[in-house]
Amino acid sequence: MTTYVWGYLKEYEQEREDILDAVDTVFGSGNLVWGPRVGMFEEAFAAYHGVAHCAGVDNGTNAILLALLAMGVEPGDEVITVSNTAAPTVLAIDRVGAVPVFVDIDPDTYLMNVDQVAAAITDRTRVLLPVHLYGQCVDMAPLEALAERHGLQILEDCAQAHGARHHGRIAGSMGRAGAFSFYPTKVLGAYGHGGATITSDPEVDAGLRRLRYYGMEETAYYVVARNGLNARLDEVHAEILRRKLTRLDEYIAGRRAVAARYAEMLGGTDLVLPVTAPGNDHVYYVYVVRHPERDRIIQGMKEYDISLNISYPWPVHTQKGFAHFGVGKGSLPVTEDLADQIFSLPMYPSLTESEQERIVEALHKTLGSL
């Protein structure tokens, strides 16, 4: 049987009764789209993060896109971010007509190199968009200082960092807004698409709520105040997420246990294992390692029916769909170099010790054959 980087079936079996009860509760309520469950989840998710507001949306891409719009970003404005991220981060920037300005990444953590941000700021910069990647947070203090000095806003991309903390502060609570994805693979995942943006700014929250509903006022249906989207979170996903949120800390503990076993069993290899930045509490959305013979390792592991993943093999700025930004290959050397070396091992809370031992044994054999 093939072992994949991620799987939900064992978790579903453990939680099946509760998940099906959530579905039945919503289906039997008479409210499938615009009922009370979304609001209940929003209240719980905001409380978990210690912020005032949460607006549930249909996916993580729109969580970023609508946040940018609600924060007043306009065509031609610049947003500073990284190229080592999932394409939706930059797709959202592009969709609002803004221009992504890329800085390179730290060679140890693969997170935004905050030392490069100051030089990237221009008179068109409006937002700093750090991506809390792989399960840990960007160093926020320098970004907060720059934002204050230059009158900028911070939007945190938290799609891979549910529950991660930086010097005790939880991801999503450190900027003007924080955007989340609930894609099924996430630390907190739905059984389909979902997303949310959190904020303590009532103006941003009001904008999000209007924009996710066609640009209409929720108290004045069919009256469009601003061109928006149909981007609401469904009731059934909200109820499943509300229930799973009560288990989020357990999911995180399980991921940390898997990561600790990897660190112990792979410590003597020539793999470069994950580095946790100072002050960070890592939640290990993915367990990213590095090796110059990455492609041979991935191919070799297939012989043992173990499928690995690369997050991400093609930096955003090198992709055809983003060629119009005019950022050529060679402009982000660390990002480009690491894209040829990084890969992810299987990581999810229900991964058993015996399954992990099989993965590591196969990995040792593959490394030994290089």
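All residue numbers in this chain count up from 1 along the given sequence. Note that these values count all heavy atoms, side chains included, but never hydrogens, waters or copies made by symmetry.
- No more than 12 heavy-atom neighbours from other residues, nucleotides or ligands sit within 6.0 angstrom of CG on Asn227.
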Query raised in the report: Going through the checks in order, is the side-chain contact (heavy atoms from CB on, under 4.5 Å) test met by Thr3 and Ile359?
Result: CA-CA 8 Å; Thr3 299; Ile359 293 164; 3.9 Å; yes

Query raised in the report: Is there a side-chain contact (heavy atoms from CB on, under 4.5 Å) between Ser350 and Glu13 once you walk through the steps?
Result: CA-CA 10 Å; Ser350 57; Glu13 190 60 33; over 6 Å; no

Using residues 135-157 as the side-chain source, report each donor-acceptor pair under 3.5 Å to any protein atom, sequence neighbours left out, with the distance given to one decimal.
unit_1: Gln136; atom_1: OE1; unit_2: Ala277; atom_2: N; d: 2.9
unit_1: Gln136; atom_1: OE1; unit_2: Asn280; atom_2: ND2; d: 3.0
unit_1: Gln136; atom_1: NE2; unit_2: Val275; atom_2: O; d: 2.9
unit_1: Glu144; atom_1: OE1; unit_2: Arg169; atom_2: NH2; d: 2.7
unit_1: Glu144; atom_1: OE2; unit_2: Arg169; atom_2: NH1; d: 3.0
unit_1: Glu144; atom_1: OE2; unit_2: Arg169; atom_2: NH2; d: 3.3
unit_1: Gln153; atom_1: OE1; unit_2: Arg176; atom_2: NH1; d: 2.3
unit_1: Gln153; atom_1: NE2; unit_2: Met71; atom_2: O; d: 2.9
unit_1: Glu156; atom_1: OE1; unit_2: His132; atom_2: NE2; d: 2.8
unit_1: Glu156; atom_1: OE1; unit_2: Gly172; atom_2: N; d: 2.9
unit_1: Glu156; atom_1: OE2; unit_2: Ser173; atom_2: N; d: 3.4
unit_1: Glu156; atom_1: OE2; unit_2: Met174; atom_2: N; d: 2.7
unit_1: Glu156; atom_1: OE2; unit_2: Gly175; atom_2: N; d: 2.6
unit_1: Asp157; atom_1: OD1; unit_2: Ala159; atom_2: N; d: 3.1
unit_1: Asp157; atom_1: OD2; unit_2: Thr89; atom_2: OG1; d: 2.7

Query raised in the report: Can you list the steps and then say if Phe325 with His317 is a ring pair (Phe, Tyr, Trp, His ring centres under 6.0 Å)?
Result: CA-CA 8 Å; Phe325 294 129; His317 73 284; over 10 Å; no

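- The environment of CZ in Arg95 is sparse: at most 12 heavy-atom neighbours from other residues, nucleotides or ligands sit within 6.0 Å.
- For residues 231-263, every residue pair satisfying the ring-ring contact (aromatic ring centres under 6.0 Å, His included) rule, not counting sequence neighbours, is listed here: Tyr262-Tyr287.
- Clustering ILVMFWY residues whenever any of their side-chain heavy atoms sit less than 4.5 angstrom apart, transitively, puts Leu229 in the very cluster that holds Leu233.
- Few gaps surround CD on Gln319; more than 12 heavy atoms of other groups in view lie less than 6.0 Å from it.
- Aromatic ring centres of Tyr183 and Tyr191 lie farther apart than the 6.0 Å criterion allows.
- Rounded to the nearest 0.5 Å, atoms OG1 (Thr185) and CD (Gln160) are 8.0 Å apart.
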Report task. Using the ring pair (Phe, Tyr, Trp, His ring centres under 6.0 Å) rule, take Phe182 and Phe41 through it: C-alpha gap first, then chi angles, then the decisive distance, then the call. Result -> CA-CA 13 Å; Phe182 302 125; Phe41 168 70; 5.5 Å; yes

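- A side-chain donor-acceptor contact under 3.5 Å links Thr335 and Asp104.
- A perpendicular orientation is assigned to the rings of Phe180 and Phe45, their planes being inclined by more than 60° (bins at 30° and 60°).
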**Report entry** Stepwise side-chain contact (heavy atoms from CB on, under 4.5 Å) test for Phe343 and Leu271
**Finding:** CA-CA 10 Å; Phe343 62 104; Leu271 288 172; 3.8 Å; yes

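- In this structure, a donor-acceptor pair under 3.5 Å is absent between the side chains of Tyr285 and Arg255.
- Side-chain contact between Leu111 and Val131: absent, with no pair of heavy atoms (C-beta onward) separated by less than 4.5 Å.
- A salt bridge is defined here as a Lys NZ or Arg NE, NH1 or NH2 lying under 4.0 Å from an Asp or Glu carboxylate O, and Arg296 with Glu293 meets this definition.
- In this model, no donor atom of one side chain and acceptor atom of the other lie less than 3.5 Å apart for Ser354 and Glu357.
- Atom-to-atom distance recorded for Leu338:CG and Asp106:CG is 9.0 Å, nearest 0.5 angstrom.
- Contact check for Trp6 versus Pro184: side-chain heavy atoms found under the 4.5 Å cut-off.
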Query raised in the report: Could you walk me through whether Glu239 and Lys244 pass the salt bridge (Lys or Arg N to Asp or Glu O under 4.0 Å) check?
Result: CA-CA 9 Å; Glu239 178 60 11; Lys244 291 189 71 176; over 6 Å; no

Ignoring hydrogens and angles, write down the donor-acceptor pairs under 3.5 Å from the side chains of residues 119-126, residues two or more places apart or on other chains.
unit_1: Thr122; atom_1: OG1; unit_2: Glu78; atom_2: OE1; d: 2.6
unit_1: Thr122; atom_1: OG1; unit_2: Arg124; atom_2: N; d: 3.1
unit_1: Arg124; atom_1: NE; unit_2: Glu78; atom_2: OE2; d: 3.4
unit_1: Arg124; atom_1: NH1; unit_2: Gly76; atom_2: O; d: 3.3
unit_1: Arg124; atom_1: NH2; unit_2: Glu78; atom_2: OE2; d: 3.1
unit_1: Thr125; atom_1: OG1; unit_2: Thr122; atom_2: N; d: 2.8
unit_1: Thr125; atom_1: OG1; unit_2: Thr122; atom_2: O; d: 3.3
unit_1: Arg126; atom_1: NH1; unit_2: Asp123; atom_2: O; d: 3.1
unit_1: Arg126; atom_1: NH1; unit_2: Arg124; atom_2: O; d: 3.4

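- Leu91 and Leu129 are members of different hydrophobic clusters when ILVMFWY side chains are connected at heavy-atom separations under 4.5 Å.
- When hydrophobic clusters are built by joining Ile, Leu, Val, Met, Phe, Trp and Tyr residues whose side-chain heavy atoms come closer than 4.5 Å, directly or via intermediates, Tyr214 is not grouped with Leu211.
- Counting heavy atoms from C-beta outward, Arg261 and Val360 have side chains that stay 4.5 Å or more apart.
- In the hydrophobic cluster analysis, where Ile, Leu, Val, Met, Phe, Trp and Tyr join through side-chain heavy atoms closer than 4.5 angstrom, Val96 is grouped together with Ile80.
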**Report entry** Test log, rule side-chain contact (heavy atoms from CB on, under 4.5 Å), inputs Arg232 and Asp58
**Finding:** CA-CA 5 Å; Arg232 293 165 290 178; Asp58 56 344; over 6 Å; no

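- Val114 and Tyr134 end up in the same hydrophobic cluster when Ile, Leu, Val, Met, Phe, Trp and Tyr side chains are linked at under 4.5 Å.
- Listed for the Gln14 side chain is no donor-acceptor partner under 3.5 Å among the backbone atoms of Glu11.
- Using a 3.5 Å distance cut-off with no hydrogens or angles, the side chains of Asp295 and Gln299 do not pair a donor with an acceptor.
- The number of heavy-atom neighbours closer than 6.0 Å to NE2 of His291, taken from other residues, nucleotides and ligands shown, is above 12.
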Query raised in the report: Should Arg358 and Tyr304 be marked as a side chain to side chain donor-acceptor pair (under 3.5 Å) after you check the CA-CA gap, both sets of side-chain angles, and the distance that decides it?
Result: CA-CA 9 Å; Arg358 174 177 171 269; Tyr304 300 95; over 6 Å; no

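- For Tyr12, the OH atom counts as densely surrounded, since its 6.0 Å shell holds more than 12 non-hydrogen atoms of other residues, nucleotides or ligands.
- Using a 4.0 Å cut-off between charged side-chain N and carboxylate O, Asp21 and Arg243 make a salt bridge.
- Side-chain atoms of Tyr48 and Asp249 include a donor-acceptor pair closer than 3.5 Å.
- Arg212 and Glu42 are joined by a salt bridge, as a carboxylate oxygen and a charged side-chain nitrogen come within less than 4.0 angstrom of each other.
- With respect to the salt-bridge test (charged N to carboxylate O, under 4.0 angstrom), the residues Arg247 and Asp18 qualify.
- Leu208 contributes atom CG, which lies 11.0 Å from atom CG of Asn62 (distance to the nearest 0.5 angstrom).
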